[in-house]
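Labels below follow one simple rule: chain letters A, B, ... track the order of the sequence lines, proteins then strands, and each chain is numbered from 1. For the numbers below, each heavy atom of this structure counts, side chains included, while hydrogens, waters and symmetry mates do not. Remember, predicted model here, so these are calculated numbers, not experimental data.
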6 protein chains.
Amino acid sequence: MKMVNVGGKRKTERMAVATSRLHMLPATLKRIQEGKVEKGDVLAAARLAGIMAAKRTPDVVPLCHPIALSGVEVTLAPFENGLEVRVEVRTVDRTGVEMEALTAACAAALTVYDMCKSVDRGMVIERVQLEHKSGGRSGTWNRKGSKR
Amino acid sequence: MKMVNVGGKRKTERMAVATSRLHMLPATLKRIQEGKVEKGDVLAAARLAGIMAAKRTPDVVPLCHPIALSGVEVTLAPFENGLEVRVEVRTVDRTGVEMEALTAACAAALTVYDMCKSVDRGMVIERVQLEHKSGGRSGTWNRKGSKR
Amino acid sequence: MKMVNVGGKRKTERMAVATSRLHMLPATLKRIQEGKVEKGDVLAAARLAGIMAAKRTPDVVPLCHPIALSGVEVTLAPFENGLEVRVEVRTVDRTGVEMEALTAACAAALTVYDMCKSVDRGMVIERVQLEHKSGGRSGTWNRKGSKR
Amino acid sequence: MKMVNVGGKRKTERMAVATSRLHMLPATLKRIQEGKVEKGDVLAAARLAGIMAAKRTPDVVPLCHPIALSGVEVTLAPFENGLEVRVEVRTVDRTGVEMEALTAACAAALTVYDMCKSVDRGMVIERVQLEHKSGGRSGTWNRKGSKR
Amino acid sequence: MKMVNVGGKRKTERMAVATSRLHMLPATLKRIQEGKVEKGDVLAAARLAGIMAAKRTPDVVPLCHPIALSGVEVTLAPFENGLEVRVEVRTVDRTGVEMEALTAACAAALTVYDMCKSVDRGMVIERVQLEHKSGGRSGTWNRKGSKR
Amino acid sequence: MKMVNVGGKRKTERMAVATSRLHMLPATLKRIQEGKVEKGDVLAAARLAGIMAAKRTPDVVPLCHPIALSGVEVTLAPFENGLEVRVEVRTVDRTGVEMEALTAACAAALTVYDMCKSVDRGMVIERVQLEHKSGGRSGTWNRKGSKR
């Protein structure tokens, strides 16, 4: 088990985009959009949870390097079956930020689940995936078919 | 926004089971099973990451109560398209452990992703869901069709 | 230096209320209230930061006991010179939650400062104080003149 | 909600000074100065708490960037109504350390409160403020009338 | 890998004592005792670091249960070759606090090392060991020959 | 008390090697090597715990700078009386990684202790020490007699 040595890599601008989708009942989505969830503003909490989780990624993913994140943005938008989370993370460092983006995408979806679970325990997080990454030795990667 | 008051609830034995699935290339699964992943023992790392993440849930999910977990078990098993994570969390407390189980299920899958991403960046986490919960005022809940 | 032994105390319902005030320019308050701060929804972020900080109090205040918080509520309201934060924390434990309430009151004010500092670096946090506590051997305490 | 992208900024030497004041009864200050507080050495604990809190600022203030702090110094001195905390934080990074200095100033004052609250629950933290910052695009800022 | 289920155990008073020894040059010990270490008060910092580390044990030792510590006391005393750390941890919970005591004993010794390493890099931590535990199903255990 | 300012130092490649030894009964070592410990794979857990603890060093050792670790490797090998832990940490930063290596060496040993304590409570951690460091102004240091 090792956290591989990246000391020989160059510091370059790197970016990653990840998404996740939380499937829910139509009534749950409506409740969120109308601001009627008892625990408070679900979308604001999910965005903040995503940002904070991006910063804590090295605590959650054991072999992840601690990285000086230079920017994180989390957005949530409705889709046909619930909410889609989109996270964009940027750094200028020796290793990429894919894990930070994916971890934030999970945390934002988990936060929505937590705030609505009393009315919709069956919600499911689907399709947590990397959409795009750029920067670093391995260069740019785009998921096939991703609109990004 | 509030962390709802559970002070009036009784401390009872509570349990939750959550699962997640990481879809991957057949070659990636084979590599994991044969112990040929450069970063080390993927299954052991994922199990441990899940357990540690269960303990840090209140840091990841903002409105989650801090809970005295009495037991956590994480198992990984192959399915047709990759690896399935199953997490079982127990407590004797005033509130349930669904979020702990779901957070651990995400963290274990993220850890596998992290350790294998250099050979299979397209992996997708699917179907992060609660399978079962018991204990507490709202009683037992089972996902329909879940074999548990 | 010691974290004093509370093992002999009884678990009872305990509550604490703390407040803080962030003094700011009138234009800054207006900008917050109109939702025009570039970094996002200041009031939602401050409430969430307060709740999360309450949970991390034992990491911030060295001799503080780790406590199973049963509820936290953070509210913000304008006053003549800016925003007033009010935090209410509850537990059923062997020691009080004054430090959790005060720490949350600081964190919420710091979060507002952080989000608005580019337009008003001179903001000042004033009057971080306990308003009320109840429960435990030392019983109820109310700040003189506090409307609570 | 976003953690704004600072990737385009240059790494420069940056410094921030913040202060806070804890008002207390004369007898409490005397007790601290004479080393008669039951929980131990208050001034040493407050200094250490301030330093550790500076490092944890990104966990406490949600939109704060994680920063590689290069130095932190916390001092406490008596003033007419209690103790004044002064924190100096330095970095060589893309964003400033005002939040680290202010967070440390809160944590040090909270630690004194915690250690003395059994004898003086009415203590109040006042005037948590930035005194000075330098470095970065926005240059040097000094609070008017600050002796620094 | 699992965090074993302790939900069936009874909450009882439990205690553990652990010690560690940091061997150093006589000149280093003298410097500490005379308060001449440039980084500050070594003994106060070590005591505080031990207490804080006890609280963070579940983050450091992966399969350790999160426990509501009811008291922690760390003392340091000179012995013929350096400093001996002694930690006493108490709880009223379902599982013991041996790991908390041992983790604190390590953290206190590491803190002394850190503060003095510029003048004595060869210091060695020796004999980190449990001296005593009591409470719980396995009852009392004393190290043979321990003066405790 | 201060975290000394390293802002004037140059970022250079730095490395540190630390070791620790956990003395145990021969039967305990055999049980570990044969994979018969009830809590799971001891060696994998210890390696992971070491890596994660290296990343959390600034939380455990109060005056330690937060550092961007570029690599961590933890290995365990049997010796005549138990298990020897060896940790190698690398960075490209303004200050060294001795504390990260030593903290990881403690955490790995503590994790083995935790997983085996029910069958061998008398285990002792011995000889936690720096073996080697290189890089930075103070240059290379090797422990006398260390085979490294």
Side-chain angles (χ1 to χ4, degrees), chain B residues 10-17 40-60 64-77 85-97 99-101 103-105 107-108 111-112 133-136, chain E residues 1-16 18 49-72 87-107 110 133-139:
Chain B
R10 283 184 40 236
K11 288 203 176 187
T12 57
E13 276 200 54
R14 294 158 191 265
M15 201 256 266
V17 178
D41 183 343
V42 174
L43 301 178
R47 279 191 298 260
L48 218 66
I51 292 170
M52 295 189 83
K55 293 192 274 186
R56 322 196 103 244
T57 303
D59 283 342
V60 173
C64 222
H65 293 81
I67 288 189
L69 305 182
S70 49
V72 182
E73 187 157 9
V74 179
T75 51
L76 288 102
V85 179
R86 185 183 181 282
V87 183
E88 196 176 304
V89 182
R90 289 165 192 278
T91 192
V92 184
D93 214 322
R94 291 189 171 77
T95 180
V97 283
M99 294 319 301
E100 282 72 11
T103 301
T111 299
V112 177
K133 70 155 285 259
S134 58
Chain E
M1 213 88 77
K2 63 179 164 180
M3 194 169 88
V4 295
N5 185 17
V6 297
K9 294 192 181 180
R10 283 184 40 237
K11 287 202 176 185
T12 56
E13 276 199 54
R14 293 157 192 266
M15 203 256 266
I51 292 171
M52 296 189 82
K55 294 192 274 186
R56 321 196 104 244
T57 303
D59 284 341
V60 173
V61 182
L63 301 182
C64 222
H65 293 81
I67 288 189
L69 304 182
S70 47
V72 183
V87 183
E88 196 177 304
V89 182
R90 289 165 191 278
T91 193
V92 183
D93 214 323
R94 293 190 170 76
T95 180
V97 284
E98 295 97 311
M99 294 318 301
E100 282 73 10
L102 288 162
T103 301
C106 284
L110 288 166
K133 70 155 284 261
S134 59
R137 208 165 42 191
S138 67

Proximal to chain B - members of residues 61-70 of chain E, heavy-atom separation under 4.5 Å: Val61(E), Pro62(E), Leu63(E), Cys64(E), His65(E), Pro66(E)
Heavy-atom pairs under 4.5 Å with chain E, option from Val89(B), Val74(B), Ile51(B), Thr75(B) with the top count: Ile51(B)
Most chain E-contacting option - heavy-atom pairs closer than 4.5 Å, from Thr91(B), Leu43(B), Val72(B): Val72(B)
Partner residues of Lys55(E) under the side chain to side chain donor-acceptor pair (under 3.5 Å) criterion, sequence neighbours left out: none
Sub-4.5 Å side-chain heavy-atom contact between Arg47(B) and Leu76(B): yes
Side chain proximity check, Arg14(B) to Lys133(B), heavy atoms < 4.5 angstrom: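 Sidechains of Lys133(B) and Arg14(B): no contact.
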Exam field: side chain Arg90(E) to backbone Glu13(E), donor-acceptor pair closer than 3.5 Å: no
Under 4.5 Å from any heavy atom of chain B - which part of Val6(E):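 Interface part for Val6(E): both.
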Contacts of type salt bridge (charged side-chain N to carboxylate O under 4.0 Å, His left out), residue Arg56(E), not counting sequence neighbours: Asp59(C), Asp59(E), Asp59(F)
Closest non-hydrogen atom pair between Ala49(B) and Ala107(B), with its separation: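 Residues Ala49(B) and Ala107(B), closest heavy atoms: O-CB, 3.9 Å.
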Residue pair Ala104(B) / Gly50(B): nearest heavy atoms and the distance that separates them: CB-O, 3.2 Å
Side chain / backbone / both / neither for Ala54(B) at chain E, heavy atoms under 4.5 Å: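 Contact with chain E involves no heavy atom of Ala54(B) at all.
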Can you give me every donor-acceptor pair (side chain of residues 94-103 of chain E, partner residue at least two apart or in another chain, under 3.5 Å) with its distance?
unit_1: Arg94(E); atom_1: NE; unit_2: Lys9(E); atom_2: O; d: 3.2
unit_1: Glu98(E); atom_1: OE2; unit_2: Arg121(F); atom_2: NH1; d: 2.5
unit_1: Thr103(E); atom_1: OG1; unit_2: Met99(E); atom_2: O; d: 2.7

